[in-house]
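Written below as structure tokens is the structure these notes are about.
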Amino acid sequence: MELKTTKTPHSCSIDKVVEHLSANKNTGLSSEEAARRLRSFGPNLLEKKKKKSVLIVFIEQFLDPIIYILSIAMLLAFAFGDWLEGFAVLFVIVMTTLIGFFMELQAIRSVEALQKLAPTMSRVVRDSKVKNIESSLLVPGDVIVLGMGDVVPADARLIETNALALKEASLTGESHQVEKLTGSLDKNTPISDQKNMVFSSTIVSRGNARAVVTSTGNHTKIGEISSLTRKAEKLRTPLEKKLSRLSRKLIWLTLILAAFTTLSGYLQGKDLMLMIKTGIALAVAAIPEGLPIVATISLARGMLRLSRENVIIKKLESVETLGEIGIICTDKTGTLTENKMVVRSIIVQNEKLEEIKLNKHGFSVSNELQRRIFEVSTLCNNAGIGEKNSEDPLETGLLDFVKEFDGDPQSIRKALPRTKEFPFDTDKKRMLTINEEEDHFLVCVKGAMETVLEDCSYLQNGEVISPMDTKPDWLEKGENMASNGLRVLALAYKHINDSSTEPMKDLILLGLVGFEDPPRKDVQQAIETYRSAGVKVVMVTGDHPQTALKIGEEISLTTKGRDSEPVIYGPDIGDLKNISGVEKKKVLDASIFARMVPEQKLDLVSFYQNNNLVVGMLGDGVNDTPALKKADIGIAMGIRGTEAAKEVADVILMDDKFTSTELAIRQGRNIFGNIRHFVVFLLSCNLAEIIAVAIASMSNLPLPLMPLQILFLNLVTDVFPALALGMGRGNKSVMDQPPRPSDEPIITKKIWYAMIAYSLCITLAVIGITWYGYSFNGYSPVIVNNMAFYTLILGQLLNVFNLTSRKSSFIFNEVTSNKWVWGAIIISLLIVVLAYWIPFLNTILSLVPLKLEQLIMVIFFGVISVGLTQFLKRNGLIV
Ligand code: ATP
């Protein structure tokens with residue numbers, strides 16, 4: 001069947017659009033029909049980027065300055081007629097590009113696999129039922145159900161709306177919210193004014209709706225726009241860029257050193273051809289070709305490892321930033337607390353103003369008061385209402401409270417049908433409904449106590465209504481309730497005759513309800529860990545300061561008497577951009593921000609960032625999205641989070657556990673540490689080769705390394721241990737150190753010193769054995785060269801053990817516990833033994849049989865190199 005889709009659904013009546021789409025407003029499509037349409041229309045996905053073809057990935061490996069230099073070296077070797085060396089360099093080029101190619105392919109695959117782990121979900125009516133399905137399975141004609149916080153999954157014509165408003169910035173660039181309706185519009189209405197349509201990628205900021213999907217995937221408006229800008233992007237993280245820059249610098253250094261070595265060897269009377277070849281080989285070997293891609297691999301592996309722990313990282317670079325987080329802003333309800341709200345007590349004027357603790361035996365208040373409390377609790381509440389069903393635990397808790405004390409929500413809702421709803425608004429912190437009651441209307445209000453009390457002029461005093469003249473007493477009682485850690489909600493009502501009357505004025509206060517929401521058990525431990533890791537945790541909540549403080553104390557976020565002013569009251573914060581010194585310190589010191597509105601969350605994130613902190617922000621609501629976007633790492637909850645929050649976040653915690661952020665930060669720190677180890681190892685080994693050859697060429701000693709030996713080292717002993725270091729599980733004590741400053745280079749000054757020291761120790765051993773063999777024992781140059789070659793190999797392999805912190809034990813540390821390192825050492829040694837035994841190879845590498853005592857000397861000098869470094873390290877001379 002060919003569907004007659006219309007290009008201008010906004011100009012047609014709802015019935016016409018539904019008819020065109022062969023849809024059904026009430027029952028939705030059948031599963032069979034939806035499957036059929038999915039086959040003909042394809043999945044509802046934006047083809048964001050053209051996939052890079054395997055061939056392109058391969059070709060890109062050759063577009064690298066390192067490969068250019070290697071190619072020049074190869075051509076030079078061939079030009080000098082040195083076929084063996086020419087082919088050896090060609091082999092290096094092939095190996096380098098192949099390793100790069102396979103690694104990049106693996107990185108691309110890992111990232112793609114991870115993107116599939118957190119699909120966006122939509123609610124759709126199929127076979128007369130509301131179902132939750134992956135948004136990619138939507139087809140034209142589907143009836144979708146939208147609620148606050150949803151990202152609209154496809155372009156759709158609205159059928160029913162209830163106080164619906166959307167943020168359409170992703171499409172139109174306009175940041176204000178747009179109210180929506182259902183009536184038909186003129187054919188020429190521009191997109192920004194098509195109020196009866198919702199468009200893919202926009203966000204429901206208020207209310208709810210039903211709509212029929214008119215177009216999906218690339219046929220949506222956003223699909224049309226993004227297809228214009230679609231292009232293939234190279235996978236490059238900031239870390240990779242930093243490493244590229246570093247390796248570029250090193251290329252120059254290497255070239256200069258190689259040229260210097262060649263020249264000084266020649267001036268010392270060594271064979272010119274040999275020195276040129278040595279120079280080329282040194283340049284080839286010392287260029288750190290694998291640096292950038294190993295970073296990508298380490299990051300991608302980190303992402304995969306975290307996904308197994310229910311932490312989904314959406315962008316590769318986030319792994320790196322995770323390790324730099326210095327402050328975490330988190331909401332309270334559901335993140336730090338269980339999000340299971342149970343009404344524990346109420347405050348009412350029942351003859352006297354009193355707090356009644358609830359227990360199984362019920363609560364005795366006057367009939368009228370109880371009836372009104374039940375009515376407001378049930379009517380101003382979306383829990384258990386069909387498809388609008390609110391999953392807000394506060395509303396569910398309130399409804400449970402009514403049921404527990406023999407109220408009957410169903411008959412209340414039947415008797416007093418709702419005519420209008422002003423949904424909960426995080427700025428105003430209240431919700432309001434208007435319901436029909438006989439010949440007038442009943443206004444029901446629930447919300448934060450300060451807001452609701454402000455609008456109350458009367459009070460339900462038992463059976464009667466009296467003027468409200470005890471506000472300060474109410475506030476005091478309410479604060480008291482909050483200071484026991486209860487979330488406080490005020491209930492109020494009034495009657496109006498026509499719906500044009502201002503519903504928020506002159507309300508009648510019914511009472512305050514206190515909800516218990518206990519802290520999550522594991523949070524306190526996580527906060528302690530953060531404290532020792534130098535990561536500050538701050539609670540940013542819309543809740544009452546006293547409730548926030550009590551919970552904060554229970555999870556050790558703040559301790560009684562420790563912080564001079566632990567809680568900052570949102571309405572007291574002025575403009576964070578122009579804040580005085582004293583105020584600034586106060587804000588920086590505080591660990592709890594209460595009664596904050598969403599806009600302030602955004603300002604707070606900017607404030608911290610301006611004070612040089614890398615900010616991680618946890619959030620779940622649609623109003624959190626600007627702050628989540630602004631934070632260096634936005635973290636959304638997988639279960640509780642809205643689709644909007646998940647869409648903009650960099651990290652999704654699939655199990656909603658605050659403690660998972662700790663795993664992520666730990667992993668981020670470890671990965672950076674691994675990459676640093678990898679770089680330091682590779683560079684110190686390369687440097688040792690260059691310096692050893694340079695010293696020998698300037699003196700009368702024979703060369704410790706022949707050109708082909710250098711190339712061999714480059715492919716074997718350098719690469720495997722370096723890769724293994726990049727795979728490490730990391731140091732247990734990473735969370736006992738402060739976060740790494742984001743502007744810290746990969747190799748800091750101290751690390752440069754240490755790296756040079758490592759290489760000098762290896763050099764010393766190599767030159768030492770060369771001198772010992774040549775000048776002291778008078779061995780032939782080839783024997784001396786072989787001894788030096790093996791010493792260098794041993795020194796380099798043992799160099800992996802230098803890469804631990806000087807505080808950790810030499811025997812038990814992150815390197816010795818890394819099984820990849822042991823594997824790499826064994827493989828490297830096996831390859832060396834094979835090279836020694838295999839006739840063709842040993843000829844190329846100029847290897848000759850050595851005597852036992854000569855081998856013992858090799859071991860002795862090899863061990864000396866690591867012993868020397870450890871001596872410097874353990875005595876605090878290097879890091
Ligand atoms: P948290 O950080 O604890 O998650 P929040 O920032 O999400 O809190 P809000 O949900 O905005 O805070 O709640 C702020 C206040 O608004 C609450 O203290 C409560 O009094 C009131 N409130 C919360 N939910 C509702 C609701 N569904 N209807 C009416 N009022 C509500």
Side-chain angles (χ1 to χ4, degrees), residues 257-258 260-279 281-282 285-286 684-714 717-718 755-799 802 832 835-836 842 845-873 877-878:
L257 280 174
F260 170 77
T261 310
T262 311
L263 198 67
S264 61
Y266 172 64
L267 293 178
Q268 267 295 320
K270 292 199 165 65
D271 178 43
L272 176 64
M273 276 316 281
L274 177 66
M275 284 325 293
I276 289 178
K277 280 194 231 161
T278 309
L282 275 181
S684 53
C685 286
N686 290 351
L687 209 58
E689 290 164 23
I690 296 195
I691 303 177
V693 175
I695 292 179
S697 63
M698 283 186 290
S699 63
N700 65 349
L701 292 173
L703 286 183
L705 291 171
M706 291 293 142
L708 289 172
Q709 290 172 342
I710 299 174
L711 296 177
F712 175 80
L713 283 180
N714 176 46
T717 50
D718 292 2
M755 200 168 80
I756 291 172
Y758 301 162
S759 46
L760 285 179
C761 290
I762 302 176
T763 309
L764 213 66
V766 173
I767 293 296
I769 202 166
T770 311
W771 175 82
Y772 167 84
Y774 188 69
S775 308
F776 192 76
N777 272 339
Y779 293 145
S780 71
V782 62
I783 296 278
V784 174
N785 159 274
N786 278 208
M787 285 166 72
F789 173 60
Y790 294 130
T791 307
L792 186 77
I793 291 178
L794 195 59
Q796 291 192 339
L797 291 179
L798 292 175
N799 190 24
N802 290 329
V832 175
Y836 181 81
N842 58 26
L845 293 173
S846 333
L847 299 181
V848 293
L850 289 189
K851 292 200 194 95
L852 183 66
E853 73 234 36
Q854 290 163 340
L855 285 175
I856 290 175
M857 284 325 285
V858 166
I859 294 174
F860 175 73
F861 276 96
V863 171
I864 278 200
S865 74
V866 63
L868 215 56
T869 330
Q870 286 298 321
F871 174 79
L872 296 175
K873 218 177 172 116
L877 296 168
I878 50 172

Gap between atom CE of Met787 and atom CG of Leu792 - 0.5 Å precision: 14.0 Å
From Thr791 atom OG1 to Ile762 atom CD1, the distance as rounded to the nearest 0.5 Å: 11.0 Å
Test side chain to side chain donor-acceptor pair (under 3.5 Å) applied to Asp271 - qualifying residues, sequence neighbours left out: none
Pair Val848-Ser780, side chain to side chain contact (heavy atoms under 4.5 Å, CB included): steps then yes or no: CA-CA 11 Å; Val848 293; Ser780 71; over 6 Å; no
Under 3.5 Å side-chain donor-acceptor pair for Asn777 and Gln854: no
Asn700 vs Gln268, side-chain hydrogen bond (donor to acceptor under 3.5 Å, both in side chains): CA-CA, chis, key distance, verdict: CA-CA 7 Å; Asn700 65 349; Gln268 267 295 320; over 6 Å; no
Heavy-atom side-chain proximity of Leu850 to Ile783 below 4.5 angstrom: yes
Sidechain-backbone polar pair: Ser775 side chain, Tyr772 backbone, donor-acceptor under 3.5 Å: no
Gap between atom OG of Ser264 and atom CE of Met698 - 0.5 Å precision: 5.5 Å
Gap separating the CE atom of Met275 from the CG atom of Leu267, nearest 0.5 angstrom: 10.0 Å
Neighbour count above 12 (heavy atom, 6.0 Å) for Phe260 CZ: no
Residue pair Asn686, Ile690: steps toward the side chain to side chain contact (heavy atoms under 4.5 Å, CB included) verdict: CA-CA 6 Å; Asn686 290 351; Ile690 296 195; 5.6 Å; no
Check: Ser684/Asn799 side-chain N/O donor and acceptor closer than 3.5 Å: yes
For the student: nearest non-hydrogen atoms of Thr262 and Gly279, plus distance: OG1-CA, 3.4 Å
Minimum heavy-atom distance between Val766 and Ala692, given as atom pair plus value: CG1-CB, 4.0 Å
Gap separating the CG atom of Leu798 from the CD atom of Gln870, nearest 0.5 angstrom: 10.5 Å
Test log, rule side chain to side chain contact (heavy atoms under 4.5 Å, CB included), inputs Leu701 and Ile767: CA-CA 9 Å; Leu701 292 173; Ile767 293 296; 4.2 Å; yes
Close side-chain approach of Pro702 to Asn785, heavy-atom, < 4.5 Å: no
Any side-chain heavy-atom pair of Tyr836 and Leu845 under 4.5 Å: no
Non-hydrogen side-chain atoms of Leu764 and Ser865 separated by less than 4.5 Å: no
Side chain Lys873, main chain Asn802, donor-acceptor under 3.5 Å: yes
Inter-residue atom distance Leu703.CG - Ile695.CD1, 0.5 Å rounding: 12.5 Å
Gln709 side chain reached by Leu847 side chain, heavy atoms, under 4.5 Å: yes
Note, Thr869 side chain near Ile878 side chain (heavy atom, < 4.5 Å): yes
Considering all heavy atoms, the nearest Ser759-Leu687 contact: OG-CD2, 3.4 Å
Expected output: side-chain Asn786 to main-chain Ser846 donor-acceptor under 3.5 Å: yes
Pairwise side-chain contact, Tyr790 with Leu794, heavy-atom cut-off 4.5 Å (strictly under): no
Taking every non-hydrogen atom, the tightest pair across Asn842 and Ala835: CB-O, 3.2 Å
Close side-chain approach of Leu274 to Pro707, heavy-atom, < 4.5 Å: yes
